[in-house]
Protein chains: 2
Amino acid sequence: MATIRDVAKLAGVSVATISRFLNKNGYVNEDTKLKVEQAIKTLQYEPNAIARGLAGRKTGTIALIFPDITNPFFAELARAVEDVARMYGYTVILCNSDNQADKEQTYIKVLKQRYVDGILFASYNLRSDDVEALKNEKIPLVMLDRAPRDASCSVVSSKHLEGAQMAVQHLMDVGCKKIAHIYGPQETVTGRERLIGYEQSVKHLPWYSPSLVEPGYFRVDGGMAAVENLMQRHPDIDGIFAGNDTMALGALKKLQRMGLHVPDQVALCGFDGIDLTLIVEPEITTVSQPIYDMGMLSTRLLIKKIEGDIKEEQTHLFDVKLITRGSTERKRNDE
Amino acid sequence: MATIRDVAKLAGVSVATISRFLNKNGYVNEDTKLKVEQAIKTLQYEPNAIARGLAGRKTGTIALIFPDITNPFFAELARAVEDVARMYGYTVILCNSDNQADKEQTYIKVLKQRYVDGILFASYNLRSDDVEALKNEKIPLVMLDRAPRDASCSVVSSKHLEGAQMAVQHLMDVGCKKIAHIYGPQETVTGRERLIGYEQSVKHLPWYSPSLVEPGYFRVDGGMAAVENLMQRHPDIDGIFAGNDTMALGALKKLQRMGLHVPDQVALCGFDGIDLTLIVEPEITTVSQPIYDMGMLSTRLLIKKIEGDIKEEQTHLFDVKLITRGSTERKRNDE
DNA sequence: AGAAAGTATGTAACCGGTTACACATTATTT
DNA sequence: AAATAATGTGTAACCGGTTACATACTTTCT
């Protein structure tokens with residue numbers, strides 16, 4: 001592998017000139033440029049990114065810390081992040097935290113050692129002092145769907161509360177008279193806000209009861225178990241709002257297994273808008289977040305912070321959209 | 001951030017000693033070790049991975065190049081790779097190639113610049129000379145589910161042909177009398193071998209016809225379209241072997257939409273064993289590859305090659321396993 | 001015309017580690 | 001007791017870039 005000194009020698013100039021040429025900073029004479037270009041070509045020179053990183057303390061690397069790539073929501077997010085990163089010449093390091101605080105901490109330590117230029121964080125447990133620590137070390141950070149308590153930092157999220165209310169309203173619109181909610185982990189902003197949205201929408205209604213909510217842990221099996229419990233307690237439930245699509249998929253499966261027709265006997269609505277809602281029959285109505293867009297925007301935001309185009313912290317709240325599908329499409333809208 | 005020289009000064013020794021201590025190579029006196037440990041602790045010293053990479057030409061980074069993280073098969077693979085990598089102190093760079101040769105080439109170039117220690121490759125188009133080039137540059141490579149034509153290199157794959165035969169046999173065992181196949185891209189080893197397995201199993205049977213196969217492009221919509229075409233040509237098809245689970249999911253959806261009962265009217269079998277086969281009703285029978293294990297093994301293999309524990313190229317062929325589920329569980333086994 | 005600003009390039013220190021080599025001391029062989 | 005081996009440590013070059021600073025020549029301004 002040729003080095004910058006080889007190129008300098010061949011072109012008959014100093015390494016500084018080569019560096020200036022490569023980074024397009026400082027003056028380089030047109031004739032010199034030609035000579036340098038020629039030398040680079042003949043030597044097939046590629047600048048060494050590691051050396052660059054050491055000298056310039058910029059590695060062209062960003063890290064994505066999130067619970068689990070196996071979760072389709074995060075997979076789509078990761079895809080968006082990588083696409084944007086590649087466009088800007090950055091490389092993405094993948095970190096599955098499983099929402100475990102110790103893994104997150106280990107990653108942060110390792111990432112610092114590796115001089116990552118910035119971190120995109122979509123896991124649960126980042127504490128305010130971690131955020132502060134990163135800030136002190138001048139490592140840009142963007143949080144996805146969760147904001148630390150005290151510390152200020154850039155956040156990209158969407159309107160969970162409003163989305164939950166849209167979901168419940170839609171279920172009522174198609175004629176549901178007793179709507180249950182399967183909620184996600186209350187340590188998460190998403191799980192919490194969607195539950196609150198549900199409660200605000202229904203707590204004043206005559207049929208409401210606190211026993212109409214059941215945890216589903218954002219998992220398929222959680223959704224299945226929740227349906228079982230709910231239907232046992234309230235056999236007359238005719239609408240279910242699941243706190244995310246994964247749980248909705250579990251709910252659908254369980255309902256079908258119990259011989260209940262969806263949507264005629266029980267209508268079902270999820271949240272997130274992952275593609276999997278389309279592979280089942282009936283397809284699942286869902287409140288969709290623009291996942292890919294969220295990934296794109298947060299990555300762009302991060303890169304802008306890295307490159308100094310943005311100094312202040314920003315918050316972006318995306319709109320959500322109700323997508324009605326088979327799981328709430330009733331033949332007769334009785335009432 | 002403290003550097004190795006700071007630590008050396010505080011401990012009253014030279015940088016070489018610190019380095020020897022950290023890397024556990026060379027002699028270091030026990031008393032000295034204590035002093036160094038103390039200094040490291042008080043300064044909260046963390047060695048800089050970039051500097052290490054530059055000096056030692058080892059970055060502790062491996063790259064995973066594959067088509068698309070959004071595909072659940074690759075997501076699970078990525079998870080396995082990251083898990084193993086983390087255990088060994090490596091970091092994973094994510095590269096979505098979309099099976100486009102130019103993206104693959106760009107990635108390889110970038111990865112070389114970044115001194116990745118090794119590459120795990122699961123995309124289509126790697127040419128033999130690319131493999132040779134990497135070999136010349138001493139960058140270890142492990143291929144997943146595809147082997148280059150001429151060049152020799154380490155390969156991890158599973159028994160696709162045998163698996164396809166198992167699938168077809170199983171469909172016949174449950175009483176299917178006319179079995180179609182939805183095949184994947186013929187540029188892929190997986191798509192090709194599974195098709196061949198199907199053909200070898202059925203071509204001698206009286207009902208066989210070349211029009212019983214239809215492409216599905218390894219996609220859900222491809223599976224749906226294929227079912228539509230197949231059923232139009234042969235309304236008496238009573239068994240479908242899909243070349244992967246994604247297409248099987250599409251097939252199931254289409255069949256249900258056409259009002260055909262699965263498994264009683266048409267039995268269905270997929271290939272891969274991704275978790276999604278469990279979220280639909282009925283659950284889909286599939287020939288499962290040990291995806292997570294394949295990811296683990298290939299990563300271990302790569303790391304061993306990186307660390308010089310293995311010199312020669314190795315090939316691992318995993319066994320596949322038929323997992324029977326609702327989509328082939330017929331009430332009456334007529335015949 | 002002389003000062004100031006702009007253009008062009010080179011030297012050498014620096015980023016933060018690793019490691020070959022030299023040297024000194026202590027332990028083991030013969 | 002001398003030769004040899006093992007242990008312990010330091011010096012300084014090196015990995016391959018970036019960049020502050022110095023220098024010199026042009027061009028523009030007053």
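Per chain, numbering begins at 1; letters A, B, ... match sequence-line order. Side chains included, hydrogens not; waters and symmetry mates left out as well; all remaining heavy atoms used. What you see is a predicted model, and the numbers here were worked out from it, not measured in a lab.
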Under the rule for salt bridge (charged side-chain N to carboxylate O under 4.0 Å, His left out), what residues qualify as partners of B:D83, not counting sequence neighbours?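 Salt bridge (charged side-chain N to carboxylate O under 4.0 Å, His left out) list for B:D83, sorted by chain: B:R79, B:R86.
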Taking [atom1] from [X] and [atom2] from [N], how many angstroms apart are they, rounded to a whole number?
X: B:K9; N: C:dG17; atom1: NZ; atom2: P; result: 14 Å
X: B:L22; N: C:dG16; atom1: CG; atom2: P; result: 15 Å
X: A:I4; N: D:dT18; atom1: CD1; atom2: C1'; result: 8 Å
X: A:I18; N: C:dG10; atom1: CD1; atom2: C1'; result: 12 Å
X: B:N23; N: C:dG16; atom1: CG; atom2: C1'; result: 13 Å
X: B:R114; N: D:dG17; atom1: CZ; atom2: C1'; result: 14 Å
X: A:K112; N: C:dG16; atom1: NZ; atom2: C1'; result: 18 Å
X: A:K24; N: D:dT18; atom1: NZ; atom2: C1'; result: 16 Å

Flag the pair A:L120 / A:L77 as yes when at least one side-chain heavy-atom distance between them is below 4.5 Å, and no otherwise.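 When only atoms from C-beta onward are counted, A:L77 and A:L120 do not touch, as no gap falls below 4.5 Å.
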Between B:M87 and B:I303, is any pair of side-chain heavy atoms under 4.5 Å apart?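 No, too far: nothing below the 4.5 Å cut-off.
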Classify every nucleotide of nucleotides 4-15 of chain D by which part a protein heavy atom approaches to under 4.0 Å, writing B for the base, S for the sugar-phosphate alone and - for neither, in 5'-to-3' order. --SBBBBBB--B
Classify the nucleic acid contact of A:F21 as base, sugar-phosphate or nothing, counting any heavy atom under 4.0 Å across all strands shown.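 A:F21: no heavy atom of the nucleic acid under 4.0 Å.
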Once you round to the nearest 0.5 Å, how far does CD1 of A:I310 lie from CG of A:L301?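 Answer rounded to 0.5 Å: 5.0 Å.
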So, does A:R52 get its side chain near the phosphate of D:dT18, meaning an N or O under 4.0 Å from OP1 or OP2?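 Yes, A:R52 has a side-chain N/O under 4.0 Å of OP1/OP2 on D:dT18.
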N/O donor-acceptor pair under 3.5 Å between A:N71 side chain and A:F73 backbone: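 Yes: the side chain of A:N71 pairs with the backbone of A:F73.
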Taking atom types as modelled, is there a side-chain donor on B:T61 or B:D117 under 3.5 Å from an acceptor on the other?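 Distance-only check fails for B:T61 and B:D117.
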